[in-house]
Amino acid sequence: MSSEIPPQVQNQLAQLQQVQQQAQALAMQKNQMESMKKESEMAIEELEKLSDDAVVYRAVGDLQIQSNKDDTVTKLKERLETLSLRLQSITRQEERISKRFTQLQEQLKQAMGTQGQ
């Protein structure tokens, strides 16, 4: 029995590692988006507690700009919608990556099974 790994199996292992790295990167992105979404939701909740004539500031880059409550709520809701869409996209990508990972695992099992015979 040869201890060398066939090139096809080496290729499949490399693909499996690459898919695993992609899954980890997506998980990190998803956590970041979920955190940003939660922050936006909390900000909207707090803004809605304020009176309509309250002085509100919002961050624009490194600056804090005075704004009115309605404009700020509108911008936050738009951001919330964008983050929700991005989260849906990441979830779909995670599902595809998961299927690909499972597929590659099965291929490797089969390749290792036939190699051992």
Side-chain angles (χ1 to χ4, degrees):
M1 182 175 138
S2 173
S3 62
E4 253 186 64
I5 299 174
Q8 180 185 1
V9 174
Q10 287 178 353
N11 184 33
Q12 288 173 331
L13 279 170
Q15 286 180 25
L16 189 68
Q17 287 175 330
Q18 185 179 23
V19 167
Q20 190 173 22
Q21 289 171 349
Q22 289 173 340
Q24 289 171 343
L26 282 173
M28 287 174 52
Q29 284 180 23
K30 186 175 183 178
N31 285 339
Q32 186 178 21
M33 294 294 146
E34 286 172 340
S35 177
M36 292 167 68
K37 183 179 175 190
K38 183 78 171 160
E39 286 176 9
S40 294
E41 289 169 345
M42 288 172 30
I44 290 170
E45 277 180 40
E46 290 302 315
L47 280 169
E48 289 176 346
K49 293 177 187 176
L50 298 175
S51 64
D52 288 338
D53 61 346
V55 177
V56 177
Y57 293 89
R58 62 184 171 87
V60 179
D62 291 337
L63 302 175
Q64 294 289 322
I65 305 293
Q66 186 172 345
S67 180
N68 67 46
K69 177 185 164 184
D70 291 337
D71 286 346
T72 304
V73 169
T74 299
K75 288 191 183 310
L76 281 170
K77 286 183 177 179
E78 288 171 0
R79 181 175 187 213
L80 203 54
E81 186 177 331
T82 300
L83 290 170
S84 294
L85 291 172
R86 181 70 181 124
L87 278 167
Q88 288 176 2
S89 173
I90 289 172
T91 300
R92 284 192 300 272
Q93 287 176 337
E94 279 183 323
E95 290 168 2
R96 284 194 300 271
I97 289 288
S98 178
K99 286 178 186 174
R100 180 70 178 137
F101 187 81
T102 303
Q103 183 183 40
L104 284 168
Q105 278 184 319
E106 288 302 315
Q107 289 175 359
L108 272 170
K109 284 180 188 175
Q110 289 176 1
M112 297 303 274
T114 56
Q115 182 188 9
Q117 292 177 359

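The residues of the chain are indexed from 1 along the displayed sequence. Since the structure is predicted, the reported quantities are computational estimates derived from the model, not experimental observations.
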Side-chain contact, heavy-atom cut-off 4.5 Å: E41 with K37? yes
Rounding to 0.5 Å, atoms CZ (R92) and CG (L26) come to a distance of 12.0 Å
Partners meeting side chain to side chain contact (heavy atoms under 4.5 Å, CB included) with S35 (sequence neighbours left out): E39
Enter the distance from E94:CD to L87:CG here, rounded to the nearest 0.5 Å. 9.5 Å
Expected list for residues 97-104: side-chain donor-acceptor pairs under 3.5 angstrom, two or more places apart:
residue: R100; atom: NH1; partner: Q103; partner atom: OE1; Å: 2.9
residue: R100; atom: NH2; partner: Q15; partner atom: OE1; Å: 2.7
residue: T102; atom: OG1; partner: S98; partner atom: O; Å: 3.0

Quick one: NZ on K30 to OG on S89, what's the gap to the nearest 0.5 Å? 11.5 Å
Taking only distance into account, with no hydrogens and no angle test, what donor-acceptor pairs under 3.5 Å do side-chain atoms of residues 74-84 form with protein atoms, sequence neighbours excluded?
residue: T74; atom: OG1; partner: D70; partner atom: O; Å: 2.8
residue: T82; atom: OG1; partner: E78; partner atom: O; Å: 3.1
residue: S84; atom: OG; partner: L80; partner atom: O; Å: 3.0

Tell me, yes or no, whether the heavy-atom count around Q8 atom CD, taken from other residues, nucleotides or ligands under 6.0 Å, exceeds 12. no
Could you check whether E106 pairs with K109 (Lys NZ or Arg NE/NH1/NH2 to Asp/Glu carboxylate O, under 4.0 Å)? yes
Run M36 and Q32 through side-chain contact (heavy atoms from CB on, under 4.5 Å) and show every step you take. CA-CA 6 Å; M36 292 167 68; Q32 186 178 21; 4.0 Å; yes
If you draw a 6.0 Å radius around CD in E34, do more than 12 non-hydrogen atoms from other residues or ligands fall strictly inside? yes
Partners passing side chain to side chain contact (heavy atoms under 4.5 Å, CB included) against Q64 (at least two apart in sequence or in another chain): Y57, A59
Scan side-chain atoms only and decide if Q29 and R86 contain a donor-acceptor pair under the 3.5 Å cut-off. yes
Restricting to salt bridge (charged side-chain N to carboxylate O under 4.0 Å, His left out), what partner residues turn up for K69, sequence neighbours left out? D52
Any residue meeting side chain to side chain contact (heavy atoms under 4.5 Å, CB included) with L108, in chain and number order, not counting sequence neighbours: V9, Q12, L13, L16
Measure the OG1-CD1 distance between T72 and I65 for me, rounded to the nearest 0.5 Å. 11.0 Å
Interatomic distance, CG@L47 vs CZ@R58, rounded to 0.5 Å, equals 11.0 Å
Criterion side-chain contact (heavy atoms from CB on, under 4.5 Å) on Q88 and L85, from CA distance to verdict: CA-CA 5 Å; Q88 288 176 2; L85 291 172; 3.9 Å; yes
